[in-house]
**Q** 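Structure in structure tokens, see below.
As a basis for the values below, the full set of heavy atoms in this structure was taken, side chains included, without hydrogen atoms, waters or symmetry mates. Counting starts at 1 for both ligands and their atoms, in listed order.
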Amino acid sequence: MPASKTPGSPSRRYRPDTRLVHAGVLRSQFGETSEAIFLTQGFVYDSAEQCAARFRGEDPGFQYSRFSNPSVAMFEARMAALEGAESARATASGMAAVTAALMGQLRAGDHVVAAKALFGSCRWVVEDLLPRFGVASTLVDGVDLDQWRRAVQPNSKVFFLESPTNPTLEVIDIAAVAEIAHAAGATLTVDNVFATPLWQSPLTLGADCVVYSATKHIDGQGRCLGGVILGSEEFIQKHIHMLLRQTGPSMSPFNAWVLLKGLETLSLRVRRQTETAAHIASVLAEQPGIKRLIYPGRPDHPQAATVRKQMGAGSTLVAFELDGDQATAFRFLNALELIGISNNLGDAKSLVTHPATTTHQRLTPAQRAELGITEGVVRFSAGLEDPEDIAEDLLTALKAV
Ligand SMILES: Cc1ncc(COP(=O)(O)O)c(C=O)c1O
């Protein structure tokens with residue numbers, strides 16, 4: 001049986017919401033509607049000659065699922081189509097993507113310039129792991145462009161940032177940092193998890209590489225871990241391809257299938273979650289118990305002009321500081337009935353995080369203070385519940401504080 005027709009016309013560039021549903025489909029001879037899960041480690045060949053040709057790269061097709069797999073390839077192609085990237089590689093988790101993206105570009109003796117406000121594990125990779133392999137780093141205040149300029153050394157090879165930052169939702173000017181990186185002969189890698197592919201496209205802003213934890217909005221339903229690295233074909237071939245193939249932080253075909261299904265609803269979910277987050281931000285901003293409220297979609301956001309310049313909309317997250325200490329924050333978290341206490345985000349279920357005791361607990365109190373992560377800071381991730389039920393839960397918990 002020959003392979004069935006794939007959806008759409010190969011010559012048309014469909015709009016993003018259409019790409020989220022159809023891009024990258026490899027339909028088998030059975031003509032399935034939903035993408036197939038190719039739950040196989042390996043592949044067989046028609047002949048020894050074909051096998052040899054495939055290993056020489058002369059025969060197209062799959063060899064072994066550590067290298068590539070049809071379900072994973074569909075996820076990669078759909079992500080690339082969404083992001084406007086020439087190439088993508090999937091990984092087992094977001095941290096595998098970040099680690100591979102950085103290590104693939106760096107050699108002993110190189111230097112990294114990174115924003116201080118990184119997710120805790122990303123900061124560990126930069127500050128603790130890379131030095132073991134002879135790679136030094138300088139951490140800067142990401143919104144201060146002079147600090148990026150001053151941090152440049154002759155051996156600076158990679159700039160790395162996330163924007164909006166975790167958890168205080170600072171927004172870094174990606175185009176400006178890309179320009180500084182390129183002038184220094186370095187590349188820029190952006191962790192785009194908090195923005196989502198819907199609201200920010202770092203490659204079009206000048207970044208060379210984008211990484212995601214697909215665990216967050218891309219799955220969006222709390223089911224599986226995953227990550228993805230995107231860039232030009234040349235970038236992926238030069239820095240990423242062999243590292244992933246030979247070291248094996250591969251995505252499982254089952255997870256790729258879950259994430260393909262997640263992508264189909266990404267746009268609907270993220271739009272609704274963003275509307276809900278904006279509503280929650282405006283409700284919380286009026287409350288006396290809230291000392292500081294940060295939401296990238298509000299005009300009072302410290303980098304509102306940068307948000308307007310580079311993001312399509314605010315965020316699905318809101319950060320706020322309760323007027324009090326850790327005990328106050330814990331009383332608030334414990335009084336929530338609907339919203340879950342978690343370190344995750346981007347889920348269909350609304351979640352809250354206390355960064356000082358979870359995602360950023362490894363930092364010293366002084367390092368946390370520098371990033372504005374006080375004991376009263378709470379990060380809220382909007383889910384898909386009725387926004388009024390979420391608001392009522394937050395307001396009831398505030399009264400209990
Ligand atoms: C900004 C950011 N980058 C990377 C990661 C790592 O992703 P994963 O948990 O899928 O390894 C996370 C969350 O865990 C994150 O919030």
Side-chain angles (χ1 to χ4, degrees), residues 72 75 79 88-103 114-129 139 142 160-172 174 189-200 202 207 209-230 244 249-252 254-256 258-259 262-263 266 270 273 277 294 296 311 315-319 340-347 351-363 371 373 377-382:
V72 178
F75 170 68
M79 279 303 305
R89 288 291 184 278
T91 55
S93 69
M95 283 320 302
V98 169
T99 308
L102 296 180
M103 293 198 83
K116 273 186 199 133
L118 289 178
F119 169 60
S121 300
C122 296
R123 191 156 158 167
W124 182 86
V125 169
V126 172
E127 281 189 301
D128 291 71
L129 182 68
L139 295 184
F160 178 48
L161 63 87
E162 62 182 54
S163 181
T165 61
N166 181 7
T168 50
L169 309 180
E170 281 180 344
V171 175
I172 301 176
I174 294 174
T189 295
V190 174
D191 179 336
N192 208 36
V193 164
F194 272 48
T196 81
L198 216 64
W199 299 144
Q200 185 169 272
C209 175
V210 182
V211 287
Y212 286 102
S213 163
T215 315
K216 308 297 184 300
H217 305 84
I218 293 172
D219 173 13
Q221 288 152 86
R223 298 164 296 190
C224 69
L225 298 175
V228 60
I229 307 171
L230 300 115
L244 293 183
S250 332
M251 175 178 280
S252 98
F254 182 78
N255 286 5
V258 171
L259 295 166
L263 283 175
L266 180 80
V270 169
Q273 287 166 317
I294 315 157
M311 294 184 70
S315 167
T316 66
L317 294 127
V318 181
I341 303 169
S342 174
N343 53 297
N344 207 11
L345 60 101
D347 199 274
L351 302 170
V352 283
T353 306
H354 185 246
T357 53
T358 58
T359 51
H360 292 72
Q361 54 87 21
R362 196 185 61 83
L363 301 185
L371 298 172
I373 307 172
V377 167
V378 173
R379 186 188 78 191
F380 165 76
S381 167

**Q** Take T196 and L266, measure what side chain to side chain contact (heavy atoms under 4.5 Å, CB included) needs, and give me the verdict at the end.
**A** CA-CA 9 Å; T196 81; L266 180 80; 5.5 Å; no
**Q** Set out, in order, the CA-CA distance, both residues' side-chain angles and the distance that settles side chain to side chain contact (heavy atoms under 4.5 Å, CB included) for F160 and D191, then state yes or no.
**A** CA-CA 8 Å; F160 178 48; D191 179 336; 4.1 Å; yes
**Q** Does an N or O anywhere in F194 fall below 3.5 Å from an N or O of ligand 1?
**A**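 No; every N/O pair is 3.5 Å or more apart.
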**Q** My understanding is that only residues two or more places apart in sequence, or in another chain, count here; which of them pass side chain to side chain contact (heavy atoms under 4.5 Å, CB included) with A115?
**A**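 Listed in chain order: W148, L161, I172.
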**Q** Please name the residue in the list L129, V125, V98 that meets the side chain to side chain contact (heavy atoms under 4.5 Å, CB included) test with M103.
**A**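 Answer to the side chain to side chain contact (heavy atoms under 4.5 Å, CB included) test with M103 among L129, V125, V98: L129.
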**Q** Measuring from D347:CG to D219:CG, what's the distance to the nearest 0.5 Å?
**A**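 It comes to 7.5 Å.
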**Q** Can you tell which part of M95 has a heavy atom less than 4.0 Å from ligand 1: side chain, backbone, both or neither?
**A**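 It is both backbone and side chain that touch ligand 1.
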**Q** Can you name the atoms of ligand 1, numbered from 1 with element, that are less than 4.0 Å from a heavy atom of D191?
**A**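 Those of ligand 1 that fall under 4.0 Å from D191 are 1 (C), 2 (C), 3 (N), 4 (C).
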**Q** Does the N or O separation between E162 and ligand 1 drop below 3.5 Å for any pair?
**A**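 No, since none of the N or O atoms of E162 sits under 3.5 Å from an N or O of ligand 1.
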**Q** Quick one: which ligand 1 atoms are inside 4.0 Å of a heavy atom on S93?
**A**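 Checking each atom against S93, I get 10 (O), 11 (O).
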**Q** Please report which non-hydrogen protein atom sits nearest to atom 9 (O) of ligand 1, along with the residue it belongs to and the distance in Å to one decimal place.
**A**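 Result for atom 9 (O) of ligand 1: K216 NZ, 3.5 Å.
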**Q** Which of the atoms of ligand 1 are close to N166, meaning less than 4.0 Å from one of its heavy atoms?
**A**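 By the 4.0 Å cutoff, the relevant atoms are 16 (O).
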**Q** Check ligand 1 against T215 and write out every atom of the ligand that is under 4.0 Å from a heavy-atom position of the residue.
**A**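 This gives 8 (P), 10 (O) as the contact atoms.
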**Q** Which residue, L169, I294, N166, forms the side chain to side chain contact (heavy atoms under 4.5 Å, CB included) with L317?
**A**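 For L317, the side chain to side chain contact (heavy atoms under 4.5 Å, CB included) test succeeds with only one of L169, I294, N166, which is L169.
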